[in-house]
Amino acid sequence: MRLRFLGKCGSNQGGCPTLYATDRDTYVVQGWRTNDEATVEIPHSLLGFAEADTFVGATMADTGRGTFTVSGEPLVDPEALAHMSLAIDETAIEVPKRERTFYGAVDHGR
């Protein structure tokens, strides 16, 4: 799996929550460890690095403290993991990349 860096935020340390695009049309989300190996915690702002007209198509829950928990498949690809700088309290998951679809009302110029 090849990773393409999209952005990082949420920590002043070198290994921060980070979002990557993959060559498999998915995202890799690097975030803080939780009690579930398939779930990471990330700052809300990390999702702003998703590619244009796409979104992270994974189950998320708002923690109420400026972060989401995000669930996906634990990242086990050795090449991808070697490319990342994971802090001791971090891990990474792979999640679907979905195309954005408009779900709002049409503006009729009122």
Side-chain angles (χ1 to χ4, degrees):
M1 171 190 306
R2 290 187 179 194
L3 300 179
R4 185 169 48 83
F5 172 81
L6 297 175
K8 68 170 45 187
C9 61
S11 168
N12 292 330
Q13 301 169 358
C16 296
T18 307
L19 186 63
Y20 299 91
T22 75
D23 60 347
R24 298 170 10 158
D25 208 27
T26 60
Y27 285 120
V28 166
V29 182
Q30 174 184 336
W32 297 297
R33 290 181 186 275
T34 67
N35 292 332
D36 179 352
E37 69 177 11
T39 301
V40 296
E41 187 172 343
I42 61 168
H44 288 168
S45 54
L46 188 64
L47 298 177
F49 293 108
E51 294 175 328
D53 298 321
T54 71
F55 65 95
V56 172
T59 300
M60 289 185 234
D62 195 321
T63 66
R65 57 179 186 269
T67 63
F68 291 115
T69 56
V70 183
S71 297
E73 291 295 319
L75 187 65
V76 295
D77 183 281
E79 182 181 344
L81 288 166
H83 179 76
M84 302 170 72
S85 174
L86 291 167
I88 194 148
D89 63 341
E90 292 183 330
T91 191
I93 58 172
E94 186 176 10
V95 298
K97 181 194 308 182
R98 301 282 190 236
E99 284 189 42
R100 185 180 309 156
T101 304
F102 181 72
Y103 291 106
V106 176
D107 180 5
H108 294 286
R110 294 183 195 172

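Only this structure's heavy atoms are used, side chains among them; waters, hydrogens and symmetry mates stay out.
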Participant: Aromatic rings Phe68 and His44: how do their planes relate, parallel, tilted or perpendicular, breaks at 30° and 60°?
Facilitator: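 Plane angle between 30° and 60°, so tilted.
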Participant: Does Gln30 reach the main-chain N or O of Cys16 with its side chain, forming a donor-acceptor pair under 3.5 Å?
Facilitator: yes
Participant: Would you compute the distance between atom OG1 of Thr67 and atom CD of Glu41 and round it to the nearest 0.5 angstrom?
Facilitator: 3.5 Å
Participant: Would you name the heavy atoms of Val28 and Ala92 that are closest together and state the gap between them?
Facilitator: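 Closest approach of Val28 to Ala92: CG1-CB, 4.1 Å.
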Participant: Might you point out which heavy atoms bring Arg2 and Glu79 nearest each other, and give the distance in Å?
Facilitator: CG-OE2, 4.4 Å
Participant: For the CG atom of Asp77 and the CG atom of Leu3, what is their distance to the nearest 0.5 Å?
Facilitator: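 Interatomic distance, Asp77 CG to Leu3 CG, rounded to 0.5 Å: 7.5 Å.
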Participant: So, taking the atom named CZ in Phe5 and the one named CG in Leu19, what distance separates them when rounded to the nearest 0.5 Å?
Facilitator: 9.0 Å
Participant: Which distance, rounded to the nearest 0.5 Å, do you find between the CG of Leu46 and the NZ of Lys8?
Facilitator: 10.5 Å
Participant: Where do Gly64 and Asp62 come nearest, in terms of heavy atoms and distance?
Facilitator: N-OD1, 2.8 Å
Participant: Which atom pair, heavy atoms only, marks the closest approach of Ala58 to Ser71?
Facilitator: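 Closest approach of Ala58 to Ser71, heavy atoms only: CB-O, 3.3 Å.
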Participant: State, to 0.1 Å, how close Ile93 and Glu37 come at their nearest heavy-atom pair, and which atoms those are.
Facilitator: CG2-O, 4.1 Å
Participant: Spell out, yes or no, whether Val29 and Phe55 are grouped together once hydrophobic residues are joined by side-chain heavy atoms under 4.5 Å, including indirect joins.
Facilitator: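 No, Val29 and Phe55 fall in different hydrophobic clusters.
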Participant: Could you tell me which non-hydrogen atom of Thr22 sits nearest to which non-hydrogen atom of Tyr27, and how far apart they are?
Facilitator: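 The answer is CG2-C, 4.3 Å.
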Participant: To the nearest 0.5 angstrom, please state how far the CE atom of Met60 sits from the OG1 atom of Thr39.
Facilitator: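 Here the interatomic distance stands at 12.0 Å.
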Participant: How far does OH of Tyr20 sit from CE of Met84, to the nearest 0.5 angstrom?
Facilitator: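 So the gap between those two atoms works out to 4.5 Å.
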Participant: Do any N or O atoms from the side chain of Thr26 and from the backbone of Glu94 form a donor-acceptor pair under 3.5 angstrom?
Facilitator: no
